[in-house]
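Predicted model only: the values in this text are computed from it and were never measured.
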Amino acid sequence: MNKSSRTASDLSKGGAIPYLPIDGTTKKLILLMAVFISSLMIANIVAIKIVDVGFADVTAGIFFYPITFIIADTISEIWGRKVARQAIWIGLFMNACMVGAFTLVIHMPSAVFFENQAELATILGGVPRIVLASLVAYSISQNIDVYLFTRLREKTNGKHLWLRSNVATITCQLLDTSVFFVIGFIGIMPIPDMVAATGTEFGVKIMMSIVGTPIIYLLVRWVRGNSRSTQQPQYEVTQHTQIQ
């Protein structure tokens, strides 16, 4: 019996089914996915706030949403496209659950002494069209980001992480911003204003992508540690072994 099996069995008392062991790399994946989902949900909640960054006005969500691309690229680098896409779809599902929960809470009868119903609805309600724009833009851009990143990883033989990350992220940030503004504001905002707003947000996202590049290196190094076995996804290694 190996060490992990003994540890799992020792945790179970009285003949119950043993707990399943979990390795350190899996723990790190769970943490990264938690940060990914949390950043996505926070970005959508605070997006209603417009902040002045000195040279332009942008949504507060712009400071949190780029984190999702950093985490997605890190997961893609370590575990591959399949796992990264699972994180993306889980994030989409949880975001949809959040919107549903907020809608339910808003429409619940208020206590007679609760005086902030209008403020609650304003902050948590969101405009259905804006929520739809956010979810569609997220689904398209995140999946394309993972595809581009992993394809470039294959083309570069796993080298030039900084290049792969920035090419994939910047390309998909432009797509994300454009889709969001088209779906959310076409017919409401004048075209010149919409183009200007798209350009401003995209410019800020480019700067944040560049700033986030060293973070990806640190995260990849943290996950891998001294092990080189995680340079390619486990499922790819398994498939290769089976073919042999």
Say you draw a straight line from [atom1] of [X] to [atom2] of [Y]; how long is it, rounded to the nearest 0.5 Å?
X	Y	atom1	atom2	answer
Arg153	Ser165	CZ	OG	13.0 Å
Met194	Ser178	CE	OG	9.0 Å
Arg81	Asn143	CZ	CG	10.5 Å
Ile37	Ile71	CD1	CD1	11.5 Å
Leu174	Phe202	CG	CZ	4.5 Å
Lys205	Thr177	NZ	OG1	3.0 Å

Give a yes-or-no answer on whether the side chains of [X] and [Y] include a donor-acceptor pair shorter than 3.5 Å.
X	Y	value
Tyr65	Asp176	yes
Thr59	Lys49	no
Ser141	Gln173	no
Gln117	Ser110	yes

Quiz item: In terms of ring plane angle, is the pair Phe36 and Tyr138 parallel, tilted or perpendicular, where the classes change at 30° and 60°?
Solution: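 Answer is tilted, since the angle falls between 30° and 60°.
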Exercise. Might you work through the side chain to side chain contact (heavy atoms under 4.5 Å, CB included) test for Trp79 and Thr25, ending with a clear yes or no?
Key: CA-CA 10 Å; Trp79 290 279; Thr25 303; 3.4 Å; yes
Does the [X] side chain pair with the main chain of [Y], one donor and one acceptor, at a distance under 3.5 Å?
X	Y	answer
Asn116	Glu119	no
Asn95	Gly91	no
Thr156	Leu152	yes

Is [X] linked to [Y] within one hydrophobic cluster, defined over Ile, Leu, Val, Met, Phe, Trp and Tyr using a side-chain heavy-atom separation of less than 4.5 Å?
X	Y	value
Leu32	Ile22	no
Phe63	Val211	no
Ile170	Leu148	no
Ile70	Ile206	no

Quiz prompt | Pairing residues for Val220 by the side-chain contact (heavy atoms from CB on, under 4.5 Å) criterion, not counting sequence neighbours | solution = Thr74, Glu77, Ile78, Leu161, Ile216, Arg224
Which heavy atom in [X] sits nearest to a heavy atom in [Y], and how many Å separate them?
X	Y	answer
Gly61	Pro66	O-CD, 4.4 Å
Asn44	Ser134	OD1-OG, 2.8 Å
Ile62	Met208	O-SD, 3.3 Å
Ile210	Pro214	O-CD, 3.7 Å
Thr150	Ser76	CG2-CB, 4.0 Å

Does the side chain of [X] reach to within under 4.5 Å of the side chain of [Y], using non-hydrogen atoms?
X	Y	answer
Leu92	Leu135	yes
Ile45	Met98	yes
Trp162	Val167	no
Ser39	Ile42	no
Gln142	Phe69	yes
Ile75	Val223	no
Glu201	Phe181	yes
Val136	Leu132	yes

Practice problem: Show the numbers, then the answer: is there a side chain to side chain contact (heavy atoms under 4.5 Å, CB included) between Ile88 and Phe93? | Solution: CA-CA 9 Å; Ile88 291 170; Phe93 174 75; over 6 Å; no
Exercise. Go through the structure and list residues passing salt bridge (charged side-chain N to carboxylate O under 4.0 Å, His left out) with Lys28, not counting sequence neighbours.
Key: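 So Lys28 forms no salt bridge (charged side-chain N to carboxylate O under 4.0 Å, His left out) with any residue.
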Self-check item: salt bridge (charged side-chain N to carboxylate O under 4.0 Å, His left out) involving Asp145 - partner list, sequence neighbours excluded
Solution: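 Asp145 satisfies salt bridge (charged side-chain N to carboxylate O under 4.0 Å, His left out) with no other residue.
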Practice problem: Could you walk me through whether Val179 and Leu175 pass the side chain to side chain contact (heavy atoms under 4.5 Å, CB included) test, one step at a time? | Solution: CA-CA 6 Å; Val179 171; Leu175 179 61; 3.9 Å; yes
Self-check item: side chain to side chain contact (heavy atoms under 4.5 Å, CB included) between Met33 and Ile30, worked out
Solution: CA-CA 5 Å; Met33 292 185 70; Ile30 293 172; 5.9 Å; no
Quiz item: Do Asp73 and Arg164 sit within salt-bridge range, that is, some charged N less than 4.0 Å from a carboxylate O?
Solution: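 Between Arg164 and Asp73 there is no salt bridge, as every charged N stays at least 4.0 Å from the carboxylate O atoms.
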Exercise. Give the C-alpha distance, both sets of side-chain angles, the deciding distance and a yes or no for side-chain hydrogen bond (donor to acceptor under 3.5 Å, both in side chains) between Thr169 and Asn166.
Key: CA-CA 5 Å; Thr169 298; Asn166 280 286; over 6 Å; no
